[in-house]
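Below: the structure, in structure tokens.
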Amino acid sequence: MMHKEMIAMLLAGGQGSRLGVLTSDVAKPAVSFGGKYRIIDFPLSNCINSGIDTVGVLTQYQPLVLNSHIGIGIPWDLDRNSGGVTILPPYERSDNSEWYSGTANAIYQNLKYMESYNPEYVLILSGDHIYKMDYESMLEFHKLKGADVTIAAIPVPMEEASRFGIVVADDNRKILEFEEKPENPSSNLASMGIYIFSWEVLKNALLALKDQSNCDFGKHIIPYCFNNNKQLYAYEFNDYWKDVGTLGSYWEANMELIDLIPEFNLYEEFWKIYTKQSTIEPQYLCPDSNIERAIIGAGSQICGSLKNCVVGSCVDVGKGTVINDSIIMEGTKIGANCHIEKAIIAEGCVIGDNVEMGCMEEAVSELNPSIYAFGLATIGANSVIPSDVKIGKNTAIKGETTKDDYPQGELPSGGFIVKGGDVE
Amino acid sequence: MKAIGIVLAGGDSKRMQALSEKRAVPAMEIGCSYRCIDFVLSNMSNSNIQTVAVLSQFNALSLNTHLNSSKWWNFGRKHGGLFLFTPTITPDNSWWYRGTADAMWQNVEFLKSRHEPYVIIASGDCVYKMDFNDMLDYHIAKQADVTIACAKLPEWDVGSRYGVVQMDKDGLVAEFEEKPLEPKSDIVSAGVYILRRRVLIELLEQCNEEGRYNFVTDVFMRMTGSKRIAGYMIPGYWSNIASLEGYYRTNMDFLKKDVREFFFKEDPPIYSKSHDLPPAKYNNGADVKNSLVASGCIINGKVEDSLLFEKVFVGTNCVIKNSIILNSTYIGDDVYIENCIIDSGETLVNGSRYVGENGKIKVIAERRDRFEQIINDNKS
């Protein structure tokens, strides 16, 4: 019988709706990050770097990009004869068929997958965060403490603690209490949504709560284990860990990579981050390019001026174009003489000549002020923007737009154009 | 595809100066992201050749490391695969490869065990993109005994280091001279041959009996006159890198738009082993113009008309002009470089100056120990 000490289950089915048009075609874990990566590359690379060679990736929302990105797992060395990476979408059954209705429900529906590896421990991960972490030392901690469940937790500033699920632990790291988004937190250790379960404990909890609607780890499984006197421990993690759940935090995390010596350093030999690379060729900088404080992906061709930019692979920037404080993703083509300030332009966009973006006075978003804020202009994947238009701040564009979509050649600040499909 | 591929990846080249101390010519870095052998391997893979044997013996570490998996060129298949053959001692042979024909003869059992009717033999030191199916169709249409791929010599190159070909109007080779002092034409052998596998085995057998070892002079040239030899012109770019000038010029050609697009953008792609490097990073003070930059580079200085290979670090106030900086080179602050090829893994200390005078290319291979250097820098 096959036996794996620890397998990982990676929850990658979420939409990440606060990323607005960036996730209208792709699940959040598939969103590009840092010039050449996608968010899911971080937990996947952490797995292989931690010696975990069996990873189930649970997909549900818009899985196409994710599926083709992961493939059979070659970039992460997860193409294995036994184990390796397996995509686990929801499936139909003879009695009842349901979507994944919560994080724990999704794992419950894949009990058989986990059982087939006869594991001792199961690592639960989400595909939402940017970090490098050795899950093997977390497992050592789990064994050392004789824990049933170990929760990774990171210290956050006390004033922000009320935004998180907080764990309260004793000196021995044994968890005494949970507080979900507490008003007056009694600790600043925030749960990172990373759990190691001893297999029997997880299995029993999932079976016990199988009829719980929207069964969730934080809300149901962890409290269940806690109330049944299981040994819960908090594994403190003190390194870089970034939630990129909002457009503002996503933009910021990208911009931090440009720092002279970034806090999250991708240039270290140790703990490499792997990704599927469709291009390996070098980038070409034209005789009139001007680039400072930027990272640029392979195969791009830059003829304009870039400052404080994160640019993906195979991006074309035309002559005379000036781009500041922006994120440009893979395969986007930007024409000549454009001026772009503080924008996030997703993959495969085509932008004409003489386009001004991120200009004008700031105004509140008419589409969704809680998403489109931070003064950013956000362009969804495969959008087309015609030449000679002006686009303001806190704007959102998705789809193939033409001149007719821009009255007086303008999309004022706070405005939006969404074509083809619904977007939040 | 009805052929197997054989890549002749020998190649000590004294013309490469210090660059070939560390690696065989086919393992030389090209166009910022490739090794020379990637071109022939990708051509074979893209032509649906499923079985490829690479014959190598000279300074093969870099090459062996590069070929550690056949995945990168799509050769990892149940049928066929990528085989690396270095000389081995057997009960009846204890020689190194004494020449290209001998290299194939020593692996003749492999040739005999295949079922494909044709063999494509190619050298690993050329940069080009071609479909071997077209060449095989041509070979069959011309009813040739052997077909040799030919290319027009670039203007800067000299015919005297090639086999020089004169073709008749039917596309047959009328005359072939190996490394003539005074070439009679600017059409040269591109080092690619197609012939029947059984014919090759017979020729190699005969060659071995006569104590001859070189494929071009002892096999191919002796066929001229008596056999029907067709010449197939390679469409598109072709260049040989096995001379210092050839290596420099070929790399610099990638700064030209048409060459860049031909190799980087047009289908089919050239494959190579990925090193999983982060995107290139430009810090304050970076000023890069008309240059190619590979992944993993960190740039703080000025770069003009140059190629930076993978993982090159350029310090502040550096000036780099008309140069090729091979991978994993560390360039300290205030360094001036012009008309140079800096070998891979070099460590150039702060304030140093390297200039190839009068436009002549200079190879820099100081082989300084990087960590020793860092310790010394910290002391002072």
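Computed over heavy atoms, backbone and side chain alike; hydrogens, waters and symmetry mates excluded. What you are looking at is a predicted structure, and each value in this text was computed from that prediction instead of being measured.
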Just by modelled atom types, is the S289(A) backbone N or O under 3.5 Å from a matching donor or acceptor in the K289(B) side chain?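 Yes, the answer is positive, given that a donor and an acceptor are paired below the 3.5 Å cut-off.
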Does any backbone or side-chain atom of L257(A) lie under 4.5 Å from a heavy atom of chain B? Answer side chain, backbone, both or neither.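 Contact with chain B is through the backbone of L257(A) alone.
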What part of D259(A) gets closer than 4.5 Å to chain B, counting heavy atoms only: side chain, backbone, both or neither?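 Just the backbone, heavy atoms under 4.5 Å.
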With heavy-atom distances below 4.5 Å as the criterion, would you say the side chains of [X] and [Y] are in contact?
| X | Y | value |
| --- | --- | --- |
| Y37(A) | P279(B) | yes |
| F309(B) | P282(A) | no |
| K311(B) | E269(A) | yes |
| Y267(A) | L277(B) | no |

Select one option (side chain, backbone, both, neither) describing which atoms of S272(B) are under 4.5 Å from chain A's heavy atoms. both
Against chain A, label I298(B) side chain, backbone, both or neither, depending on which of its atoms sit under 4.5 Å from a heavy atom there. side chain
Please say which of N300(B), V288(B), N283(B), N284(B) ends up in a side chain to side chain contact (heavy atoms under 4.5 Å, CB included) with E292(A).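 Single side chain to side chain contact (heavy atoms under 4.5 Å, CB included) partner of E292(A) among N300(B), V288(B), N283(B), N284(B): N284(B).
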Donor-acceptor side-chain pairing of E281(A) and S33(B) below 3.5 angstrom: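 No - no donor-acceptor pair under 3.5 Å links their side chains.
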For chain A, which candidate among G285(B), A294(B), A280(B) shows the most heavy-atom pairs at distances under 4.5 Å?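 Ranked by heavy-atom pairs under 4.5 Å with chain A, first place is A280(B).
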For the candidates K257(B), K265(B), E310(B), which exhibits the highest count of non-hydrogen atom pairs separated by less than 4.5 Å from chain A? K265(B)
Looking at Y284(A), does the NZ or CZ of R260(B) lie under 6.0 angstrom from its six-membered ring centre and within 45 degrees of the ring axis? yes
